[in-house]
A.B. asks: 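First the structure, then my questions, so here it is.
Note that ligands are numbered from 1 as they come in the structure, with each ligand's atoms numbered from 1 the same way. Because the structure is a prediction, the values reported are computed rather than measured.
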Amino acid sequence: MTRMTVKKIPALKDNFMYLVVCNETKNAAIVDPVEPSRVLEVAKESGVTLNKVLTTHHHWDHAGGNAELFKRYQEDASLGQLAIYGGNDDRIPNLTNPVGQDDTLQIGNLKVRCISTPCHTTSHICYYIESAEDKVVFTGDTLFLAGCGRFFEGTPQQMYDALITKLSALPDDTKVYCGHEYALNNLRFGNTVEPNNEDVLKLLNIAKDADLDGRRAMVPSTIGQEKRTNVFMRVHESSVQKFVGKSDPLGTMQALRAAKDKF
Ligand code: GBP
Ligand code: ZN
């Protein structure tokens, strides 16, 4: 029996919620439960005790279900207690457990480590979990498959710290579960930046063929795959620097984001 199961639950137009289950204890957490009714349905089907919410950031399409889910737990004692984790930010509804860099928490026997990644929003948190068989990271709107979040509340230096210093340092076989399905558009951009990157081209072709429900087919990625194919993780590469006409990684990060904003 594996110790951890991650269930990907599509929500809204292109968001993902994720149910993380400790198989040994049947305790579970939900990442960004924007559709509370769907979350409760999936938790029930899965036969798990859902007692934690992991919020990546305050935007409504991630944290917008917190209040309703919290209310459901208050109205129905049989559901037990619900703890809501997230960065220290009063824009996150019903936050009970504010967390920061390297804080840890448990989902049953699974140990979760918080990684602070301010830039898309000031209090954005990614959650890293290592079990006996599996390593996974929930990256919200910081790291997407082949892309990154817009710099709404931060600087190129902060996204550099998030993507290069922190997330690139995770083991290459870490599975990446991001907040939105943007694979096709991001890979098209990546292919424009690095037309000679064969790994990008291969993934782009897979994304193009992943029709219908394929919109949901590309996640999870891995940290290793992102290092090979995500131009925002590749700002040290001369091919990427050349595209934006820069010779330093930070200037490249800034110019790449500006180019993607217009793409
Ligand atoms: C697309 O690719 O589908 N429509 C486009 C992009 C994250 S969601 C939509 C978009 O801008 N998405 C945001 C982003 O960072 N994209 C990266 C990129 O385009 O490269 N959001 O919903 C967005 O964060 C939001 C919610 C934003 C509340 C601001 C507030 Br306030
Ligand atoms: Zn967002």
Side-chain angles (χ1 to χ4, degrees), residues 9-18 30-35 53-67 85-93 95 115-127 137-156 158-164 167 176-194 200 203-204 207-208 210-219 221 226 229-235 240 243-244 252-263:
I9 313 168
L12 308 179
K13 182 167 115 332
D14 50 35
N15 281 73
F16 294 118
M17 313 184 284
Y18 298 103
I30 183 81
V31 179
D32 290 346
V34 63
E35 292 184 17
V53 168
L54 308 183
T55 309
T56 61
H57 67 294
H58 74 81
H59 286 156
W60 69 272
D61 53 323
H62 298 263
N66 286 8
Y85 293 80
N88 195 353
D89 192 322
D90 57 20
R91 296 172 297 182
I92 298 176
L95 185 65
I115 305 176
S116 164
T117 57
C119 181
H120 180 75
T121 65
T122 54
S123 57
H124 195 293
I125 300 281
C126 298
Y127 299 93
V137 64
F138 298 94
T139 57
D141 286 5
T142 293
L143 170 63
F144 296 126
L145 191 150
C148 71
R150 292 178 192 262
F151 301 178
F152 286 124
E153 300 176 7
T155 63
Q158 286 179 314
M159 190 54 90
Y160 181 92
D161 290 342
L163 297 185
I164 310 297
L167 295 173
V176 175
Y177 290 95
C178 55
H180 292 268
E181 177 56 273
Y182 291 154
L184 187 56
N185 195 32
N186 286 346
L187 287 162
R188 286 199 163 118
F189 178 69
N191 182 236
T192 314
V193 176
E194 285 192 294
V200 170
L203 269 187
L204 175 58
K208 278 181 185 163
D211 58 358
L212 309 170
D213 271 316
R215 185 161 77 78
R216 312 288 188 193
M218 303 296 287
V219 172
S221 178
E226 292 310 304
T229 57
N230 187 328
V231 291
F232 294 95
M233 298 276 260
R234 294 170 59 76
V235 291
V240 177
F243 175 80
V244 288
T252 303
M253 181 66 84
Q254 174 154 39
L256 260 190
R257 187 59 254 175
K260 179 65 171 68
D261 285 350
K262 288 193 228 99
F263 183 71

A.B. asks: Between CD of E226 and CG of L163, what distance do you get to the nearest 0.5 Å?
C.D. replies: 9.5 Å

A.B. asks: Nearest heavy atom to atom 22 (O) of ligand 1: which of N186, L12, D61, D141 does it belong to?
C.D. replies: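 Among N186, L12, D61, D141, the closest heavy atom to atom 22 (O) of ligand 1 belongs to D61.
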
A.B. asks: For a quick check under 3.5 Å, do H124 and H58 share a side-chain donor-acceptor pair by atom type?
C.D. replies: no

A.B. asks: H180 vs H62 aromatic rings, parallel, tilted or perpendicular, using cut-offs 30° and 60°?
C.D. replies: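 The arrangement is perpendicular - the two ring planes meet at more than 60°.
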
A.B. asks: Tell me if the CD atom of E35 is crowded by more than 12 foreign heavy atoms within 6.0 Å.
C.D. replies: yes

A.B. asks: Treating Y177 as the side-chain partner and M17 as the backbone partner, does any N or O pair qualify as donor plus acceptor under 3.5 Å?
C.D. replies: no

A.B. asks: Just jot down the ligand 1 atoms closer than 4.0 angstrom to any heavy atom of F152, in number order.
C.D. replies: 24 (O), 27 (C)

A.B. asks: How close does the nearest protein non-hydrogen atom get to atom 4 (N) of ligand 1, and which residue and atom is it?
C.D. replies: K13 NZ, 5.0 Å

A.B. asks: Within a distance of under 4.0 Å, is there any protein heavy atom near atom 13 (C) of ligand 1?
C.D. replies: yes

A.B. asks: Against heavy atoms of G149, which atoms of ligand 1 measure under 4.0 Å?
C.D. replies: 15 (O)

A.B. asks: Can you tell me if R257 contacts ligand 1 (heavy atom of the residue under 4.0 Å from the ligand)?
C.D. replies: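 Right, R257 reaches ligand 1.
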
A.B. asks: Let me confirm one number: the OH-OG1 distance from Y160 to T155, rounded to the nearest 0.5 Å.
C.D. replies: 13.0 Å

A.B. asks: Is H62 close enough to the Zn ion (ligand 2) to have an N, O or S atom under 2.8 Å?
C.D. replies: no

A.B. asks: Can you tell me which residue among V137, T117, L167 is in a side chain to side chain contact (heavy atoms under 4.5 Å, CB included) with L143?
C.D. replies: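 When V137, T117, L167 are each tested with L143, the side chain to side chain contact (heavy atoms under 4.5 Å, CB included) holds only for L167.
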
A.B. asks: Measure from atom 24 (O) of ligand 1 to the protein's non-hydrogen atoms and state whether any distance is below 4.0 Å.
C.D. replies: yes

A.B. asks: Between R91 and T122, is any side-chain donor less than 3.5 angstrom from a side-chain acceptor?
C.D. replies: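 A donor-acceptor contact under 3.5 Å links the two side chains.
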
A.B. asks: Considering non-hydrogen atoms of the protein only, which is the closest contact for atom 3 (O) of ligand 1, and what is the distance?
C.D. replies: Y182 CE2, 3.5 Å

A.B. asks: Which of the numbered atoms in ligand 1 are under 4.0 angstrom from any heavy atom belonging to N185?
C.D. replies: 2 (O)

A.B. asks: Is G179 close enough to touch ligand 1? Criterion: a residue heavy atom under 4.0 Å from a ligand atom.
C.D. replies: no

A.B. asks: Say whether H120 and ligand 1 are in contact under the criterion: heavy-atom distance to a ligand atom below 4.0 Å.
C.D. replies: yes

A.B. asks: Between K260 and ligand 1, which residue portion shows a heavy-atom distance shorter than 4.0 Å: side chain, backbone, both, or neither?
C.D. replies: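 Contact part for K260 vs ligand 1: side chain (C-beta onward).
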
A.B. asks: Calculate, to the nearest 0.5 Å, the distance between atoms CG and CZ belonging to N230 and F189 respectively.
C.D. replies: 10.0 Å

A.B. asks: Which residue and atom name correspond to the protein heavy atom nearest atom 17 (C) of ligand 1, and how close is it?
C.D. replies: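 The closest one turns out to be C148 O, 3.4 Å.
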
A.B. asks: Provide the atom name of the closest N, O or S atom of H57 relative to the Zn ion (ligand 2).
C.D. replies: NE2

A.B. asks: Would you tell me which option among H59, H58, H180 has the nearest heavy-atom contact to atom 27 (C) of ligand 1?
C.D. replies: H59

A.B. asks: With heavy-atom distances below 4.5 Å as the criterion, would you say the side chains of F232 and M159 are in contact?
C.D. replies: no

A.B. asks: Can a donor-acceptor pair be found, under 3.5 Å and without considering hydrogens, that links the side chain of H120 to the backbone of R150?
C.D. replies: yes

A.B. asks: Would you name the N/O/S atom of H59 that lies closest to the Zn ion (ligand 2)?
C.D. replies: ND1

A.B. asks: What's the atom name of the N, O or S in D141 nearest to the Zn ion (ligand 2)?
C.D. replies: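 This turns out to be OD2.
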
A.B. asks: How far is atom 15 (O) of ligand 1 from its nearest protein heavy atom, and which residue and atom is that?
C.D. replies: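 Nearest neighbour among protein heavy atoms for atom 15 (O) of ligand 1, to 0.1 Å: R150 N, 2.8 Å.
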
A.B. asks: Will you find, in the side chains of T55 and N66, an N or O donor that is under 3.5 Å from an N or O acceptor?
C.D. replies: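 Judged by distance alone, the side chains do pair up.
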
A.B. asks: Do F151 and P156 touch side chain to side chain, with heavy atoms closer than 4.5 Å?
C.D. replies: yes

A.B. asks: Within the structure, is a non-hydrogen atom of F144 found at a distance of less than 4.0 Å from ligand 1?
C.D. replies: yes

A.B. asks: Taking backbone and side chain together, does D61 place any N/O/S atom at a distance below 2.8 Å from the Zn ion (ligand 2)?
C.D. replies: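 So D61 does not count as coordinating the Zn ion (ligand 2).
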
